[in-house]
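Scroll down for the structure; my scribbles are underneath it.
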Amino acid sequence: MAKVHVFNAGPCLLPQAAIDASIEALKDFKGTGVSLLSISHRTKEWESVMDECRSLWKELLNIPDTHEVVFLGGGASLQFLYVAMNFLEKKAAYLDTGVWAHKALKEAQGIGEAYALACSKDKNYSYIPKDYEIPSDLDYFHITTNNTIYGTEIKEDMACPVPLIADMSSDILSRPVDVSKYTMIYGGAQKNAGPAGVIFAIIRKDALGKVSRYIPTMLDYRTHIDKESMFNTPPVFSIFVMNETLKWVKSMGGVEAVHKLNLKKAETIYNEIDRNSLFVGTAAKEDRSIMNVCFVMAPGHEDLQDEFMAYAKSQGMIGIKGHRSVGGFRASIYNACTQEDVEALVACMQEFEKLHK
Ligand SMILES: *Cc1c(COP(=O)(O)O)cnc(C)c1O
């Protein structure tokens with residue numbers, strides 16, 4: 001088989017080391033003679049994986065003692081509901097930067113008063129709104145730091161006068177974050193932190209217990225903090241692979257080291273998009289994501305779209321079709337994607353341009 005380069009948006013490319021360790025554990029989990037799929041989660045061998053995974057999150061992101069990490073099923077989409085159930089008492093505001101942000105807001109509106117403080121839908125979410133002021137009477141302000149579909153990103157921890165809650169599904173572990181600035185950070189693992197089937201939530205403990213509604217046991221973060229994410233059967237396989245993915249991030253030198261590689265990859269591909277006469281980027285330059293790179297055929301060359309897709313495919317590029325709401329192309333260059341993968345895509349774009357000169 002020819003070399004393939006995987007740019008899938010999620011589930012995404014994972015480090016080979018994590019895949020190899022998972023294959024081994026599927027056959028024989030930690031020398032127990034039992035497959036990872038058949039082990040009891042109430043064993044010390046399994047508890048050691050949970051402990052290691054939690055510690056790695058804390059170490060890699062410098063998570064202060066004020067915060068705890070939990071792992072749950074249900075996807076990031078179910079967290080949209082959890083957030084409102086656990087934190088919304090009177091009023092919350094959302095930064096509407098795309099489909100995921102909008103869905104998070106809609107879920108909160110089913111629970112209480114929530115509104116979009118600013119929105120970039122006027123330009124198909126191609127930029128991050130900046131012209132707004134955060135009122136001081138909110139229970140929380142919710143942001144989506146990386147907009148997976150549109151390739152825009154809030155790349156810095158913002159100052160916020162009220163509790164800040166962030167969906168970091170697609171840029172967690174891609175850059176250092178100051179966790180102390182957030183009341184909560186959450187996301188689905190499958191964009192950068194592991195396989196599908198598990199979410200991570202990093203929660204400021206003293207922010208819980210402040211709402212007056214009844215919270216069903218399973219939807220109450222306190223349940224999962226108290227029981228160390230083992231109130232019920234955890235998604236054993238997904239957590240195992242996530243742990244291996246975190247071990248790989250650590251082996252690469254941690255989040256700061258990986259961030260440097262990510263910046264270089266992003267620069268490489270954006271430079272080519274800006275240089276190449278056949279393509280243009282869709283996201284506002286200052287808001288360009290270092291994880292999801294969106295581009296379309298340049299004006300006048302729209303008819304070449306299918307041909308480029310076919311050409312790229314013939315060269316081993318996988319998963320570069322843009323989301324239907326943006327069109328064109330999207331290269332997701334998460335942590336496990338290498339500089340070599342990015343350069344292969346760039347070579348493909350250059351070759352395609354030569355073919356059409
Ligand atoms: C993919 C994604 C989601 C939804 O994740 P699920 O785990 O599929 O529910 C939410 N937010 C962002 C930013 C995403 O990229």
Side-chain angles (χ1 to χ4, degrees), residues 6-14 70-85 94-108 110 114 116 119-121 124-129 140-155 157-158 164-175 177 182 184-202 218-219 229 234-235 237-239 241-242 245 262 282-283 287-294 319 321-326 330-337:
V6 180
F7 298 99
N8 284 333
C12 69
L13 187 66
L14 288 176
V70 298
F71 312 121
L72 299 167
S77 300
L78 187 55
Q79 291 306 302
F80 299 160
L81 175 65
Y82 268 82
V83 165
M85 285 295 260
Y94 282 65
L95 192 61
D96 184 5
T97 50
V99 163
W100 297 120
H102 197 80
K103 285 186 174 167
L105 169 61
K106 181 173 167 279
E107 222 43 33
C119 173
S120 51
K121 200 173 181 192
N124 197 28
Y125 294 122
S126 60
Y127 69 102
I128 303 284
Y140 63 86
F141 181 50
H142 181 283
I143 58 174
T144 310
T145 49
N146 188 63
N147 298 284
T148 324
I149 294 173
Y150 313 89
T152 62
E153 186 177 12
I154 300 169
K155 284 171 273 204
D157 305 314
M158 63 169 72
L164 182 61
I165 297 183
D167 174 357
M168 291 199 188
S169 291
S170 50
D171 62 348
I172 193 72
L173 301 172
S174 71
R175 63 184 161 97
V177 269
Y182 299 83
M184 182 173 153
I185 295 171
Y186 69 95
Q190 74 273 19
K191 308 280 166 60
N192 207 20
V198 65
I199 68 93
F200 60 89
I202 303 164
M218 272 299 283
L219 297 188
S229 305
F237 180 72
S238 301
I239 292 175
V241 185
M242 179 164 72
T245 307
N262 288 336
T282 54
D287 298 326
R288 281 174 163 179
S289 165
I290 63 164
M291 293 278 97
N292 308 96
V293 178
C294 296
K321 190 171 169 37
H323 189 274
R324 62 190 176 280
S325 56
V326 177
R330 169 177 56 175
S332 297
I333 53 173
Y334 299 118
N335 286 353
C337 169

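When a ligand or atom number is given, it counts from 1 through the structure's own listing order.
- In this model, a donor atom of one side chain and an acceptor atom of the other lie less than 3.5 Å apart for S170 and N146.
- With S229 contributing its side chain and F71 its backbone, the two residues share a donor-acceptor pair below 3.5 Å.
- Nearest to atom 2 (C) of ligand 1 among the protein's heavy atoms is K191 NZ, 2.5 Å.
- Other residues, nucleotides and ligands contribute only 12 or fewer heavy atoms inside 6.0 Å of the NE2 atom of H102.
- Applying the 4.0 Å criterion to heavy atoms of Q190 picks out, from ligand 1, the atoms 5 (O), 6 (P), 7 (O), 8 (O).
- Residues I202 and Y182 have side chains not in contact (no heavy-atom distance under 4.5 Å, counting atoms from C-beta outward).
- Under a 4.0 Å criterion applied to the non-hydrogen atoms of T144, ligand 1 contributes the atoms 13 (C).
- Taking a cut-off of under 4.0 Å to the non-hydrogen atoms of F80, the atoms of ligand 1 that pass are 10 (C).
- In the model, D167 has a side-chain atom that pairs as donor or acceptor with a side-chain atom of S169 under 3.5 Å.
- Given atom 15 (O) of ligand 1, the protein heavy atom at minimum distance is T148 OG1, 2.4 Å.
- Ligand 1 lies out of reach of M168, whose nearest heavy atom is not under 4.0 Å from it.
- Near G75, the atoms of ligand 1 lying under 4.0 angstrom from a non-hydrogen atom of the residue are 7 (O), 9 (O).
- Proximity of A76 to ligand 1, defined as any heavy-atom pair under 4.0 Å, is shared by backbone and side chain alike.
- Heavy-atom contacts from other residues, nucleotides or ligands closer than 6.0 Å to NZ of K155 number more than 12.
- In terms of protein heavy-atom proximity, atom 11 (N) of ligand 1 is closest to D167 OD2, 2.6 Å.
- When non-hydrogen atoms are compared, ligand 1 lies under 4.0 Å from the backbone of N146 (N, CA, C, O) but not from its side chain.
- With respect to atom 9 (O) of ligand 1, the closest heavy atom belonging to the protein is S77 OG, 2.6 Å.
- Side chain to side chain, N8 and Y334 fail the donor-acceptor criterion of an N or O pair below 3.5 Å.
- Residue contacts with ligand 1, taken as heavy atom pairs separated by less than 4.0 Å, do not involve K103 at all.
- Just one of L173, I290, I333 meets the side-chain contact (heavy atoms from CB on, under 4.5 Å) condition when paired with N262; it is I290.
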